[in-house]
Chemist: 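Have a look at the structure that comes next, please.
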Amino acid sequence: MTLPSRVKLVDVGPRDGLQNEKQAVPAAVKIELVHRLQAAGLKEIEVTSFVSPKWVPQMADNAEVMAGIQRRSDVRYSVLTPNLQGFQSAVNSKPDEIVVFAAASEAFSQKNINCSIEESIQRFAPVVEAARAAGIYVRGAMSCVVGCPYEGDVAPVQVSRLAQLMKSIGVQHVGVADTIGVGTPLKIQAAMEATLKHYDLNDVSGHFHDTYGQALSNTLASLQMGVWQFDTSVAGLGGCPYAKGATGNVATEDVVYMLHGMGIDTGIDLDKLVDAGAYISDFLQRKSGSRVATAILNKRLV
Ligand code: HMG
Ligand code: MG
């Protein structure tokens, strides 16, 4: 077992975290959250999505948020783009990376992006081509890799097929996403293995929602395979509007605490990260979804 000595975390809180919020979150708050995340040492931040505002109203301020960020040259900013229309809007905001997102389950593909898996790939192909021609890095998110809210269990062969399709259109990196957080370590390892048939270890990341409390275990199971890139969400914010009941991604604070405790470097200052999480939790008037943040905040009080 060789564990990586360094891990890269992408904080997806501003996008995956906030997309599901019913209450309006002003662009200024989203911008401040991004600023606090970068101040805490995050080098990759998924800022927003250029999707239909009818489907996801919370992300309608995408261009305003992107324009308001004081960018740092050592931080990469990514945005989701479901189609060419979204990509063309996104380009004006100069993202470092775009994310196309498909599902390993047919039913989720229909509910989330209103088309079949095959159609989604056909839709992404010109987006990927345009992005790469413009020098923008392309990541692919593969949803529902172990379970789907509409279909139930998802087999590794479905993940392998999707990874192959992503590869065939030139997607450079793929995220293995447990959208509804039902995965357990061996199932996640099987989904990773299916992906690694088509992608190099350095081009694969884990994206684990924590609905059933398995996300840290799934992170560790992935680390044991050498996976060293993960999407996490500050304060454990989030969920997907088309995956009812699914809670947020594993909290960035919890993953950082685990990694640092294992002697694995992240470049992140945990105290500043806890402050960033407290900022957004206070705004939302909600307790942080991070156990680590809660413990650290309690300790600060004594
Ligand atoms: P559609 O209705 O089939 O699209 O939606 P359409 O092409 O038929 O267009 C219908 C209308 O939408 C038109 O406007 C278009 O202009 C507009 P109208 O003429 O009716 O006024 N439209 C757009 N507007 C703004 N930006 C766009 C855009 N495209 C069309 N890009 C579509 C198809 C894909 C657009 C829609 O289903 C959609 O936006 N879905 C996004 C759903 C979403 O954002 N889900 C959450 C993100 S995925 C996720 O969270 C999972 C992930 O975290 C990984 C994991 O955990 O699994 C990534
Ligand atoms: Mg997600």
Side-chain angles (χ1 to χ4, degrees), residues 10-21 46-63 78-93 95 97-105 107-117 119-124 126-127 130 139-150 154 158-159 162 166 171 173-183 188 191 195 205-211 215 218 230-234 236-252 289:
V10 181
D11 200 293
V12 298
R15 195 282 305 172
D16 204 351
L18 295 179
Q19 70 180 4
N20 208 27
E21 282 301 326
E46 197 173 275
V47 178
T48 186
S49 58
F50 286 81
V51 299
S52 159
K54 286 188 193 135
W55 285 63
V56 186
Q58 187 62 260
M59 296 285 110
D61 58 1
N62 41 33
S78 56
V79 302
L80 265 61
T81 55
N83 52 19
L84 257 186
Q85 186 178 339
F87 174 73
Q88 276 149 4
S89 310
V91 156
N92 299 323
S93 297
E97 181 173 310
I98 57 142
V99 185
V100 292
F101 48 106
S105 101
F108 192 75
S109 184
Q110 290 291 351
K111 298 275 185 195
N112 194 40
I113 50 174
N114 207 20
C115 63
S116 69
I117 297 170
E119 282 163 349
S120 73
I121 294 294
Q122 282 163 23
R123 221 180 250 182
F124 299 148
V127 176
R139 175 154 60 91
M142 303 196 299
S143 290
C144 298
V145 295
V146 288
C148 165
Y150 311 101
V154 172
Q158 293 167 269
V159 180
L162 179 58
M166 288 279 198
V171 172
H173 175 116
V174 282
V176 175
D178 181 9
T179 313
I180 54 172
V182 291
I188 291 294
T195 306
S205 53
H207 176 115
F208 307 132
H209 286 255
D210 202 26
T211 320
N218 293 337
F230 298 93
D231 297 345
T232 59
S233 176
V234 67
L237 295 174
C240 173
Y242 298 98
K244 279 222 174 333
T247 61
N249 294 79
V250 64
T252 311

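Indexing begins at 1, ligand by ligand and atom by atom, following the structure's order.
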Chemist: Among Arg139, Met59, Gln88, Gln19, which residue places a heavy atom closest to atom 47 (C) of ligand 1?
Modeler: Gln19
Chemist: To 10°, measure the NE2(His207)-the Mg ion (ligand 2)-OD2(Asp16) angle for me.
Modeler: 90°
Chemist: Has ligand 1 got any nitrogen or oxygen that is less than 3.5 angstrom from a nitrogen or oxygen of Arg123?
Modeler: no
Chemist: Under 3.5 Å between any N/O of Val51 and any N/O of ligand 1: does that happen in this structure?
Modeler: yes
Chemist: Are any of the heavy atoms in Met142 under 4.0 Å away from ligand 1?
Modeler: no
Chemist: Record the part of Ser52 in heavy-atom contact with ligand 1 below 4.0 Å; permitted values are side chain, backbone, both and neither.
Modeler: both
Chemist: Would you check the N or O atoms of His209, main chain and side chain alike, for any that come under 3.5 Å of an N or O of ligand 1?
Modeler: yes
Chemist: Looking at ligand 1, would Pro53 count as a contact under a 4.0 Å heavy-atom criterion?
Modeler: yes
Chemist: Between Asp231 and Arg139, does a salt bridge (Lys or Arg N to Asp or Glu O under 4.0 Å) hold up when you go through it step by step?
Modeler: CA-CA 12 Å; Asp231 297 345; Arg139 175 154 60 91; 3.7 Å; yes
Chemist: I need the Ser49 OG to Phe101 CZ distance, nearest 0.5 Å.
Modeler: 6.5 Å
Chemist: Pick, from Ala60, Ser143, Gly238, the option with the minimum heavy-atom distance to atom 51 (C) of ligand 1.
Modeler: Ser143
Chemist: Please indicate, with yes or no, if any protein heavy atom is found under 4.0 Å from atom 19 (O) of ligand 1?
Modeler: no
Chemist: For His207 and Asn249, which I'm curious about, is there any donor-acceptor pair between the side chains at under 3.5 Å?
Modeler: yes
Chemist: Heavy atom of Lys54 under 4.0 Å from ligand 1?
Modeler: yes
Chemist: Output all residues satisfying salt bridge (charged side-chain N to carboxylate O under 4.0 Å, His left out) with Asp210, sequence neighbours left out; order by chain, then residue number.
Modeler: none
Chemist: Would you tell me which option among Asn62, Asn112, Leu84, Asn83 has the nearest heavy-atom contact to atom 48 (S) of ligand 1?
Modeler: Asn112
